[in-house]
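In what follows, a structure is listed as structure tokens, so that the remarks can point back to it.
Order of the sequence lines fixes the chain letters, A, B, ..., with proteins taken first and strands second; residue numbering starts at 1 for each chain.
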Protein chains: 4
Amino acid sequence: MKNTFGTSVTVTLFGESHGPEIGAVIDGLAPGIPVDESFIASRLTLRRPAGRVSTARREADAFRVVSGVFEGRTTGTPLAILIPNADTRSGDYQRGPARPGHADFTAFAKYHGFEDYRGGGHFSGRVTAALVAAGAVVLGALNAKGILLGTHIARCAGIDDAPFGENIVAALEKLNEMPFAVLDEARGEMMREAIEAAAARGDSVGGILETVVLGLPAGIGEPWFDTMEGVLSHALFSVPAVKGVEFGSGFALADMYGSEANDPLRVRDSRPVTVTNHNGGVNGGITNGMPLKFRCAVKPTPSIALEQLTVNPLTGEETLLRVAGRHDPAIVHRARIVVDSVTALALADLLALRFGTDWLAEYNCEL
Amino acid sequence: MKNTFGTSVTVTLFGESHGPEIGAVIDGLAPGIPVDESFIASRLTLRRPAGRVSTARREADAFRVVSGVFEGRTTGTPLAILIPNADTRSGDYQRGPARPGHADFTAFAKYHGFEDYRGGGHFSGRVTAALVAAGAVVLGALNAKGILLGTHIARCAGIDDAPFGENIVAALEKLNEMPFAVLDEARGEMMREAIEAAAARGDSVGGILETVVLGLPAGIGEPWFDTMEGVLSHALFSVPAVKGVEFGSGFALADMYGSEANDPLRVRDSRPVTVTNHNGGVNGGITNGMPLKFRCAVKPTPSIALEQLTVNPLTGEETLLRVAGRHDPAIVHRARIVVDSVTALALADLLALRFGTDWLAEYNCEL
Amino acid sequence: MKNTFGTSVTVTLFGESHGPEIGAVIDGLAPGIPVDESFIASRLTLRRPAGRVSTARREADAFRVVSGVFEGRTTGTPLAILIPNADTRSGDYQRGPARPGHADFTAFAKYHGFEDYRGGGHFSGRVTAALVAAGAVVLGALNAKGILLGTHIARCAGIDDAPFGENIVAALEKLNEMPFAVLDEARGEMMREAIEAAAARGDSVGGILETVVLGLPAGIGEPWFDTMEGVLSHALFSVPAVKGVEFGSGFALADMYGSEANDPLRVRDSRPVTVTNHNGGVNGGITNGMPLKFRCAVKPTPSIALEQLTVNPLTGEETLLRVAGRHDPAIVHRARIVVDSVTALALADLLALRFGTDWLAEYNCEL
Amino acid sequence: MKNTFGTSVTVTLFGESHGPEIGAVIDGLAPGIPVDESFIASRLTLRRPAGRVSTARREADAFRVVSGVFEGRTTGTPLAILIPNADTRSGDYQRGPARPGHADFTAFAKYHGFEDYRGGGHFSGRVTAALVAAGAVVLGALNAKGILLGTHIARCAGIDDAPFGENIVAALEKLNEMPFAVLDEARGEMMREAIEAAAARGDSVGGILETVVLGLPAGIGEPWFDTMEGVLSHALFSVPAVKGVEFGSGFALADMYGSEANDPLRVRDSRPVTVTNHNGGVNGGITNGMPLKFRCAVKPTPSIALEQLTVNPLTGEETLLRVAGRHDPAIVHRARIVVDSVTALALADLLALRFGTDWLAEYNCEL
């Protein structure tokens, strides 16, 4: 399905970095979900480059919801969000050598040179603005159903954030307000300094994002193929720069013994819970009612000012390149919002498949 | 689509550990692909528990191809493979406490207790025999198109295998013959000793599998959602015990600078290639023609003989459990074949979408 | 998705006329649905050639449910049904001239001659046995939810059956027991005589099937593309020999005025109902709670004993052909059961999408 | 997939009659297809109400292609077309009694009253403008590959058009220029008079559309479920007011003998062709290379000025209604363009699945 994700609740993305508008269409949303445009705007603000660790490109992100909402609530028919591209300096971009680490060469190989190469075209992180707006609609609905989610920068430029403490709900609420989402602000400041130091050298850094979802019922996911991990990872690898996804203790499980990795079960408040959560809330591909936990590896932004060897796909010749234009010395803090967005969309889809199309709005299905 | 994977080439799994038969249906295969039953049998043998580091359960895996093959070649219509379950000791399994780390509790939550709980039912690793048989059909066709793939145990019980050397083709060919697939057999022996030591304590170990695919054309995958990483990871998380997937340098990219992580391009044999391969052959979700590389984290087998705290989902009561029956002290060496199989199936699907349904057999489309 | 139909509840078909087994896999069924093997057997008996108006081929249809059922109820995991092909006289069939009106030539064009041509291979009506068995599982569940459906031979060999009278429930129940399903048995006898007369001349006849579904809730279907009519017709055109599908008054609506065709609404038993039902229970692609009504045009069986001009696809030469082997002089009475089956499967899918995966079994979700 | 159609080439619709914009997203198009905006405009003009037999509503249909086209050709990434709604007189529409024959009641049942009821909302024929624009992009590409298609009003208000003559290519070319597409203009004039006469009485009429596709290769379609007839009918029932679809001789086949209905094969120009075409170019669900022929029954426009009995879904009370506003006394001539559009989109999808994603543009894959 290419640029569409989902089965019952679907999202379709379109647009290019330097085209007139980008957008997203969400279909399959329950009718009657309140759509709070100020919440969408706030999520777009969090995604937007901000401060000294982001690109100088500034977009107002003046989105328009052109369908699927009537009198402030979803209608149940496709919801389209359009975002005009205001600040596009096409002069900065011309077809030239492929930027290493970017999709320039692969797009050329796939589209035979017909792709809109300006600013990365359809591959641009700019398109995530539409994804974040779509995710915000769904995220609001999930929150109203008691499902909370949030992401922190677990590691950046080699610096670890603090782990989640006892009060995860409070931590998630706080993270969801922060432009640079860390649990320990001192560590966050160290990360920002490291980003700036790399930027000063014309270089960039990567990091790891850790996401927690609370309130998911047990029993979501399928035994083969449409496992919770499989469906989420399918969506998460769309977040630009994500190169790895692990659930629970992930790669660290490879070094554990079964007696450590198995999460023993006990009873709390009359329901089975696990003592530890090395499996990240998923067993056999299906949620167990514990917090869903996963981590995404985010590679350093490929656009760097340092000189790199590369090839011009049109001529087939080697050349040296310094990437001009406005770029992020790190993408991990902005990718955070995109991770939340695709997570919300994927979960909404799985929940609608399980409980029916009205489920996401059931609490407020009154005229 | 639940227990079906793929769009143009699809695979559907069915069956339970202790039912009469398990099976797989592959649809969308090009007509005219030679089907070599001895190759299928050899792949099933590699999957089968063998030697001192596997369960004592022995299945002859006497598969039958009941449709979709005529006079030794695929017909282009659905190919169904059935495998009878011969050696099922139902007496070993009774509904009881949920085995920690297994799907027992989540299956109960999802299916309300109607699931076939015997031996893990549809969640059993037994079902992977059908998946391996299906994968073998496709793998043979990919090989004939010059696409080679293979997987080694990159790490097990804390012991690293050697990395791939210069001659990857030879390494893959050798790995594809080995029941315990390592590049350095001395390290493999150390791993097996560690597995045995854990088994002797009633415990189990995990590991990491590293897969390489050679010969994939550039330009396969989509920019959003159906990225090469997204589609492959969707399939890979179906391999029992896989809890993490990373492409190229994966999580290690989080600690690199852009100047290290970007793979510079140069020209070799008149085509663009990268100097390094930290991106694992994928940029922007699309193959770049370099070797596709990814790693899967495999958790330790959850079935262990040691006593564990758990809950009986029927009664809702806490209890202590020692898992009886025949179990693997490590699954990583057997998961290897399953990883290869889902990789082959996912790649065949993406290639058929890109090049059309006949592509996989084009070389031999003669009566 | 080729030989798979559905989104939430799916059915996958495999097998060929002269292969060892045919089968169907249903996935996405709610757990806890009672599976009555004698009901499946009775549906297969109704499909089976019977009496003087059918082929002499006799199959015992000794099906086996090999997965997805445990202790008499669905588990919620894939349910596979296998049916061995017992009575295959391969000697009757050899690759030769394309039988006019059959798929012989189109299969050759699509599969380049690799298809299993014996008895029509995967295109054979034989494969509908698996479809009928799958439909029976779902039909039983729909009935238990108060959704009834049935089909009569509205026309055959130019002879009209009587229309439905007042008591549709009783009519459906009676139809569902009849091998040759007509509302007026005298008309049915005339039809059978006309079939026999055609058979005596080596010819065959067609007919029209009319289906009614009672008990469907209002609100099922989508405005664009996945309309109730679109989804059902997608499935119905898989029934061999169906060449037309119309809903409500169908093609007769083309000659009506709006004032006749619009179904005025009134209130009965506190809910809106239509006075007439020219729209067949569907407006704007969505059910309105009235009986769902549609008709399928069934062409005469293409296998006839009369001499026909045709081409041998292998040699590309014209030739004359008399189709040998055992054939039905009419297929309409047997197609009836297949129409019911695909209708049941398509409705189960749409209902599961709307109300969630447990809906079909909710009444009996008790251990 | 609800408001999305297709597998390899997909189209997603959004928008409401009285919202700010409607639109369509086409994904999966080959890169390099020339996009001729004047051709899109001409198709929209043909769809637009025109002359005395259509609604007085006038829309400029000033569409914008906001993504997926670069330097006049498709990029291969999603192509979004937006069309603003200029002439919306919301005052004409208020939530009130359900209009008989419309989706008002079913939308209320499905969306619980949250639907945008103004002018039919998402169910409005207005949305077909986006569908026609999307279809035009694909139609141009099909034409360039030698695949021609067109539709005439085979019957309207009880008056038959002439059948296709010998030169179908010339007929299709002529039809594609006509706002009221008939093969015999004198019959067309009689139809228009009958429409006006009905309109003068406050009533409306229906008709039958007949479509022919030339140039399709043999071998397109699948044996079960994704038959050519099934996929096309799935799409065609989305065309507002279509209530029946038949292929070839369709319902007339029900009254034929096999010896009449079977299309004998002969050899012409070294390839097998059928002598007659009662099967409409499809056998066993797969094209045979003959002209693809189908007919759609179009019901009379439900909006009529005559008084009708109906129910107000909000109050549940019976009431009498005269539908105010601007309406078409017949929709059949406008539905024609929509039929062509969904046909083009469905065929493009099946062809891309069969031959790969580049096929539709192969002839011009040069920079």
Side-chain angles (χ1 to χ4, degrees), chain A residues 2-3 5 13 100-101 103 106 109-110 122-123 158 203-204 206-208 218-219 222-227 229-230 233-234 237-238 243-247 250-251 253-259 261-267 272 283-284 286 288 297 299-302 304 306 308-311 318, chain B residues 2-3 5 13 100-101 103 106 109-110 122-123 155 158 203-204 206-208 218-219 222-227 229-230 233-234 237-238 243-244 246-247 250-251 253-259 261-267 272 283-284 286 288 297 299-302 304 306 308-311 318:
Chain A
K2 306 187 165 79
N3 296 278
F5 187 80
L13 288 182
T106 57
K110 179 177 176 69
H122 185 57
F123 292 79
D203 216 335
S204 64
I208 295 174
E222 300 291 333
W224 299 97
F225 304 126
D226 287 353
T227 62
E229 295 112 322
S233 67
H234 192 152
F237 278 112
S238 275
K243 296 296 283 187
V245 175
E246 61 179 5
F247 288 82
F251 278 85
L253 284 163
D255 282 356
M256 291 187 192
Y257 290 109
S259 55
N262 288 348
D263 300 309
L265 288 149
R266 61 182 174 187
V267 175
N283 293 114
I286 297 172
N288 63 15
K299 73 174 185 177
T301 327
I304 57 174
L306 294 172
Q308 302 174 84
L309 177 66
T310 190
V311 171
E318 287 183 8
Chain B
K2 305 188 165 78
N3 296 280
F5 187 80
L13 288 183
T106 58
K110 180 177 176 69
H122 185 57
F123 293 78
R155 186 173 173 88
D203 216 336
S204 62
I208 295 175
E222 301 291 332
W224 299 97
F225 304 126
D226 287 352
T227 62
E229 294 112 323
S233 67
H234 191 150
F237 277 113
S238 275
K243 296 296 283 188
E246 61 180 5
F247 289 81
F251 277 86
L253 284 163
D255 281 356
M256 290 186 191
Y257 291 109
S259 56
N262 288 347
D263 300 310
L265 288 148
R266 60 182 173 185
V267 175
N283 292 115
I286 296 172
N288 63 16
K299 72 175 186 179
T301 326
I304 56 175
L306 294 172
Q308 302 174 83
L309 178 65
T310 191
V311 171
E318 287 182 9

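- For the set A:Glu246, A:Gln308, A:Met256, the count of heavy-atom pairs under 4.5 angstrom toward chain B peaks at A:Glu246.
- Listed options B:Gly230, B:Gly206, B:Ala218, B:Pro302 were ranked by heavy-atom pairs under 4.5 angstrom with chain A; first place goes to B:Gly230.
- Proximity to chain A involves both the backbone and the side chain of B:Arg266, based on heavy atoms less than 4.5 angstrom apart.
- Interface remark: of the candidates A:Gly244, A:Pro300, A:Gly284, A:Pro300 forms the most heavy-atom pairs closer than 4.5 Å to chain B.
- Both the backbone and the side chain of B:Glu318 come within less than 4.5 Å of a heavy atom of chain A.
- Of the listed residues (A:Ala261, A:Gly250, A:Gly207), the greatest number of heavy-atom pairs within a distance under 4.5 Å of chain B belongs to A:Gly207.
- The residue among B:Ser238, B:Gly101, B:Ala103 with the most heavy atom pairs within less than 4.5 Å of chain A is B:Ser238.
- When heavy atoms are compared at a cutoff of 4.5 Å, B:Asp203 approaches chain A solely by way of its side chain, counted from C-beta outward.
- A:His234 places no side-chain N or O within donor-acceptor distance of the main-chain N or O of B:Ser233, the cut-off being under 3.5 Å.
- Expressed to the nearest 0.5 Å, how far CG of A:Asp263 lies from OG1 of B:Thr310 amounts to 10.5 Å.
- In this structure, CG on A:Leu309 lies 12.0 Å from CG on B:Asn262, to the nearest 0.5 angstrom.
- When the candidates B:Leu253, B:Leu13, B:Asp255, B:Leu265 are compared by the number of heavy-atom contacts under 4.5 Å with chain A, B:Leu265 comes out ahead.
- The side chain to side chain contact (heavy atoms under 4.5 Å, CB included) search around B:Ala254 returns A:Ile208, not counting sequence neighbours.
- Separating the CZ atom in B:Phe123 from the CD1 atom in A:Ile286 is a distance of 3.5 Å, to the nearest 0.5 Å.
- No other option in B:Val267, B:Thr227, B:Asn288 has as many heavy-atom pairs under 4.5 Å with chain A as B:Val267.
- Aromatic pair B:Phe237/A:Phe247: centroids less than 6.0 angstrom apart.
- Contacts of B:Thr301 classified as side chain to side chain contact (heavy atoms under 4.5 Å, CB included), with partners at least two apart in sequence or in another chain: B:Ser204, B:Asp328, B:Ile331.
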